[in-house]
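The structure appears right after this line, and notes come after that.
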Number of protein chains: 2
Amino acid sequence: MPKRPVSNPLALAVLSCVWERPMYPYEITTTLRERGKQDSIRLNFGSLYAVIRSLESHGLIRAARTEREGNRPERIVYEITPAGMTEALDWMRDLLARPVKEYPDFEAGLSLLPMLSPQVARKCLEERLERLDAEIRARTELEETSALGLPELFLIESSYRVAMQTAERAFVAELLDRIERRTFGGLDLWEGLHEALAAGTPRNEIAAQLAARLGEEGGSTLA
Amino acid sequence: MPKRPVSNPLALAVLSCVWERPMYPYEITTTLRERGKQDSIRLNFGSLYAVIRSLESHGLIRAARTEREGNRPERIVYEITPAGMTEALDWMRDLLARPVKEYPDFEAGLSLLPMLSPQVARKCLEERLERLDAEIRARTELEETSALGLPELFLIESSYRVAMQTAERAFVAELLDRIERRTFGGLDLWEGLHEALAAGTPRNEIAAQLAARLGEEGGSTLA
DNA sequence: CTTCAAATACTTCACTCAGAGTATTCTCCA
DNA sequence: TGGAGAATACTCTGAGTGAAGTATTTGAAG
């Protein structure tokens, strides 16, 4: 996969702005913020100016003119180039058409779940459930009162976020339920592990027991 | 929120390894890979060595001893410190209990959806649907044949991934359906926009029309 | 009329990170 | 026995990234 010349999604947002009309960097920031893009695309000054430099050096945008207002720093107004338009369209198609592997924090946490005792894990998951509920509620209320009044087309990323949060909520709820009803595969082993740990059983003994219960492959799989 | 001394989740994975027993860096890599953690936690050498240096400088791990085998580079074997254990547990609780805002690529793409014409967008979303199906199918087949034979406890992060992919699939399918049946809010506007663009209507005129149809707030909201 | 916060418009810096590159040693097959 | 390739064990580099800092101007309150 031949990587993009500038890989930060913020660059695409910048391209989308200067496609509409030439803008200077700070104007791009405020435009993106007004439109709520900072909820979907990481936006901060450090990255913005780096990205603009990089876009320019790759010929995707170019300085159109400079302005000055009072004693403020000079503004450089950028415009999109034909190469920039091609790149932006191609990038958009890519983002929509190809799922890419991401690394959400929660997945990392789940993958190391055995580190925590079942009791502590349950407490944490219950807390997560509450927080997710609160977020979903806040978001849907906002959409219902429709303080924004925009057509769906301009709010679709927000619907996506809610859909994903709702799915995560369901996943966590089911997981908790399965632990409670003791139908979660490996629960005995998990509890045994932490009982041994609490009892001060030596690490290598625990690892050996675990390996035995897991079957053949030599490696201990504590976490 | 007082940030962690080392923020890369890879650091937590490293802590989980040296908690089990002292290890040297390369051994940590292979252990994590064996256990499939690289599917949930970004793992590469550049980060690994940086993270280990950082963990050491923050007193969360320390060099226990050095080894040498033949003419190979010397290995430094690291062990976890009490501070490291505290940090690891605290971090785990955090990961499980608190949802954090993430910035998936697809959300970025959706937030700039109006850039693409409805026809192109549909094509892309259809492609995504197919790819998602393929991924979900591959993953569930793998789980059914149970080539791994591990209890759920050690595969929970994979179930999570499937749950999220399935939810995304449903979202995309519904979106496509709504576009097809023309019940997607703003579809007329979206089509009109791209017809005007294709007809070569000047950018500022388009922006003005758009602003008019969107109501009061002055900013054009092309993308 | 003054002062103080907020907005404007960036710049700087220390850090992190991903990918590619390097160098040695082991293993296996012919 | 000789050479290809895999495995071992890192090092380097350049490109982000986020947080904080700088300097001016406008607006509102007192």
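In the text below, chain A, chain B and the rest are named by the order of the sequence lines, each starting its count at 1. Here the structure is a predicted model, which means the values were calculated and not measured.
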**Asked** Side chain of B:Ser16, backbone of B:Ala13: donor and acceptor closer than 3.5 Å?
**Response** yes
**Asked** Whole-Å distance between D:dT17 P and B:Glu102 CD?
**Response** 15 Å
**Message:** How many whole angstroms separate atom OH of A:Tyr78 from atom C1' of C:dC10?
**Reply:** 11 Å
**B:Ser117 (side chain) donor-acceptor with B:His194 (main chain) under 3.5 angstrom** = no
**Prompt:** Does a nitrogen or oxygen in the side chain of B:Tyr26 sit under 4.0 Å from OP1 or OP2 of D:dT8?
**Reply:** yes
**Fill in**
With the side chain defined as heavy atoms from C-beta on, B:Thr30 is closest, among C:dC10, D:dT8, C:dT8, to D:dT8
**Request:** Quick one: list whatever passes side-chain contact (heavy atoms from CB on, under 4.5 Å) with A:Phe45, sequence neighbours left out.
**Result:** A:Tyr26, A:Thr29, A:Arg33, A:Tyr49
**Prompt:** For B:Arg4 and C:dT16, what is the distance between atoms CZ and C1' respectively, to the nearest whole Å?
**Reply:** 18 Å
**Asked** Reckon A:Asn8 has a side-chain N or O less than 4.0 Å from the OP1 or OP2 of D:dT17?
**Response** yes
**Request:** With sequence neighbours left out, write down each residue that passes side-chain contact (heavy atoms from CB on, under 4.5 Å) with B:Glu127, or none if nothing qualifies.
**Result:** A:Ala97, B:Arg131
**Request:** Measure the distance from OH on B:Tyr103 to P on D:dT17 and round it to the nearest whole Å.
**Result:** 12 Å
**Item:** B:Glu157: partners by salt bridge (Lys or Arg N to Asp or Glu O under 4.0 Å), with sequence neighbours left out
**Value:** none
**Asked** Excluding sequence neighbours, so at least two apart, what forms side-chain contact (heavy atoms from CB on, under 4.5 Å) with B:Thr201?
**Response** B:Ala196, B:Ala199, B:Glu205, B:Ile206
**Message:** Tell me which pairs pass ring pair (Phe, Tyr, Trp, His ring centres under 6.0 Å) where either residue lies in residues 81-108 of chain B, with sequence neighbours left out.
**Reply:** A:Tyr160-B:Phe106
**Prompt:** Among residues 41-54 of chain A, which residues get a heavy atom nearer than 4.0 Å to DNA chain D?
**Reply:** A:Arg42, A:Asn44, A:Gly46, A:Ser47, A:Ala50, A:Ser54
**Asked** Taking CG from B:Leu10 and C1' from C:dT16, how many angstroms apart are they, rounded to a whole number?
**Response** 12 Å
**Item:** Selection: residues 89-101 of chain A, any non-hydrogen atom under 4.0 Å of DNA chain C
**Value:** none
**Request:** Consider the side chain of A:Ser7, meaning its heavy atoms from C-beta on, and name the nucleotide among D:dG16, D:dC10, C:dC10 that approaches it most closely.
**Result:** D:dG16
**Item:** Residues which pass side-chain contact (heavy atoms from CB on, under 4.5 Å) with B:Glu135, listed by chain and number, not counting sequence neighbours
**Value:** A:Pro99, B:Gln165
**Prompt:** What residues form a side-chain hydrogen bond (donor to acceptor under 3.5 Å, both in side chains) with B:Asn204, not counting sequence neighbours?
**Reply:** none
**Message:** Just the rounded figure in Å: distance from C1' of C:dC17 to CG of B:Leu55.
**Reply:** 15 Å
**Request:** Rounded off to whole Å, could you give me the CG-to-P distance for the B:Leu12 and C:dT16 pair?
**Result:** 16 Å
